[in-house]
Enquirer: 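So that we are looking at the same thing, I have put the structure below in structure tokens.
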Amino acid sequence: MNVASHQVPSAVINGIRVELIERGAGKPVLFLHPSIGISPSAPVLDALARGARLLAPTHPGFGTSELPKGMNAVDDLSYFYLDFMEQLDLRDIVAVGIGLGAWIAAEIAVKSTERLSHLVMANAIGIKVGDRETRDIPDIWAVTPDEFNALAYFDPSRGRHDPKNLTDAEALAMARNREATARLCWSPYMHNPKLKGRLHRINVPALVLWGAADRVVKTEYGRAYAAAIPIARFETIEGAGHFPHLEQPVAFAREVTRFIENTGRP
């Protein structure tokens with residue numbers, strides 16, 4: 001399941017308790033999950049933890065992580081993660097985000113890259129590319145689960161699950177993930193109108209990765225995102241949609257590792 005488990009260890013950041021998966025040792029990799037959450041058993045986590053210290057928190061309001069009053073925008077989450085990095089005294093960090101997590105990573109980086117060495121954004125949302133009459137991202141709350149899976153996955157069966165087989169904890173986590181995504185992303189829909197104009201502030205190497213079969217956010221959107229970041233390159237991953245870390249975890253981790261090894265901070 002692509003949901004957080006109630007058995008995941010936790011950390012308290014500025015008084016907010018969040019789930020935190022931590023594995024490996026070495027250069028810190030901060031993994032920022034998409035709207036569907038993250039499972040401790042996801043193969044991508046072990047792949048990213050090889051030779052690195054992986055930290056994969058569950059965002060406030062998702063899974064069983066606490067949601068403080070007043071935290072209702074992705075901008076708020078970015079400040080939470082600035083506190084997270086400072087409280088854990090993380091430095092030379094590779095921030096890796098997918099979907100909503102990539103939006104959070106961008107919001108962090110436009111505020112401060114002091115503790116970052118690299119930025120990886122996969123199938124990111126968060127900016128407006130088209131004109132006011134053009135919808136960049138489909139209304140995900142107006143489609144059925146099967147319709148969403150057809151948009152989001154190269155293989156739609158990867159997103160299907162039988163509700164009868166869910167534990168109470170899994171069902172609650174899924175409901176909280178959906179509720180938190182709506183709280184953070186509904187208005188303005190899936191973007192911060194000011195973010196695109198701030199992307200020029202990102203002064204660390206950035207890799208914009210894209211599952212080539214994504215029909216939630218198409219590759220043209222990803223190319224426009226990369227073009228707005230000064231030190232960025234754009235790469236696609238075949239056989240994957242909006243969640244390339246799930247459909248192609250080995251290829252995803254390989255691209256991240258190659259990027260880190262071949263690119264130094266200016």
Enquirer: Looking at residues at least two apart in the chain, or sitting in another chain, which of them share a ring pair (Phe, Tyr, Trp, His ring centres under 6.0 Å) with Phe154?
Expert: none
Enquirer: Looking at Arg201, I'd like to know if its CZ atom is crowded, meaning that more than 12 non-hydrogen atoms belonging to other residues, nucleotides or ligands lie closer than 6.0 Å.
Expert: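 Open.
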Enquirer: Looking at residues at least two apart in the chain, or sitting in another chain, which of them share a salt bridge (Lys or Arg N to Asp or Glu O under 4.0 Å) with Glu247?
Expert: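 Scan of Glu247 (salt bridge (Lys or Arg N to Asp or Glu O under 4.0 Å), adjacent residues dropped) gives none.
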Enquirer: Classify the ring geometry of Phe234 against Trp210: parallel below 30°, tilted from 30° to 60°, perpendicular beyond 60°.
Expert: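 Rings of Phe234 and Trp210: tilted, as their planes differ by 30° to 60°.
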Enquirer: Considering only NZ, NE, NH1 and NH2 on the basic side and carboxylate oxygens on the acidic side, decide whether Asp89 and Arg115 come within less than 4.0 Å.
Expert: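 Looking at Asp89 and Arg115, the cut-off is met.
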Enquirer: Is the ring pair Phe80/Phe84 parallel, tilted or perpendicular, if the boundaries are 30 and 60 degrees?
Expert: tilted
Enquirer: For residues 44-64, which residue pairs pass the salt bridge (charged side-chain N to carboxylate O under 4.0 Å, His left out) check, not counting sequence neighbours?
Expert: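 Salt bridge (charged side-chain N to carboxylate O under 4.0 Å, His left out) check on residues 44-64 returns Glu22-Arg53, Arg23-Asp46.
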Enquirer: Looking at residues at least two apart in the chain, or sitting in another chain, which of them share a ring pair (Phe, Tyr, Trp, His ring centres under 6.0 Å) with His59?
Expert: His33, Phe62, Tyr81
Enquirer: Give me the atom names and distance for the closest heavy-atom approach of Leu20 to Ala11.
Expert: CD2-CB, 3.8 Å
Enquirer: Just jot down the ring pair (Phe, Tyr, Trp, His ring centres under 6.0 Å) partners of Phe259, sequence neighbours excluded, or say none.
Expert: His118
Enquirer: Run the salt bridge (Lys or Arg N to Asp or Glu O under 4.0 Å) test against Asp146 and tell me which residues pass, sequence neighbours left out.
Expert: Arg160
Enquirer: Tell me, please, which residues at least two apart from Glu147 pass side chain to side chain donor-acceptor pair (under 3.5 Å).
Expert: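 With neighbours one apart ignored, the set is Thr144.
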Enquirer: Enumerate the residue pairs fulfilling salt bridge (charged side-chain N to carboxylate O under 4.0 Å, His left out) with a member in residues 182-198, sequence neighbours excluded, ordered by first and then second residue.
Expert: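 Sorted result for residues 182-198: empty, none.
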Enquirer: Go through the structure and list residues passing salt bridge (Lys or Arg N to Asp or Glu O under 4.0 Å) with Lys111, not counting sequence neighbours.
Expert: Asp75, Glu107
Enquirer: Kindly write out the residues that satisfy side chain to side chain donor-acceptor pair (under 3.5 Å) with Asn149, not counting sequence neighbours, or none if the list is empty.
Expert: none
Enquirer: Side-chain contact test, heavy atoms from C-beta onward, threshold under 4.5 Å: evaluate it for Leu88 versus Leu55 and give yes or no.
Expert: yes
Enquirer: Does anything in residues 223-233 pair up under salt bridge (charged side-chain N to carboxylate O under 4.0 Å, His left out), and if so which pairs, sequence neighbours excluded?
Expert: Arg233-Glu235
Enquirer: Pairs in or reaching into residues 117-133: which pass salt bridge (charged side-chain N to carboxylate O under 4.0 Å, His left out), with residues at least two apart or in two chains?
Expert: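 Applying salt bridge (charged side-chain N to carboxylate O under 4.0 Å, His left out) to every pair that reaches into residues 117-133, excluding sequence neighbours, yields Lys128-Asp136.
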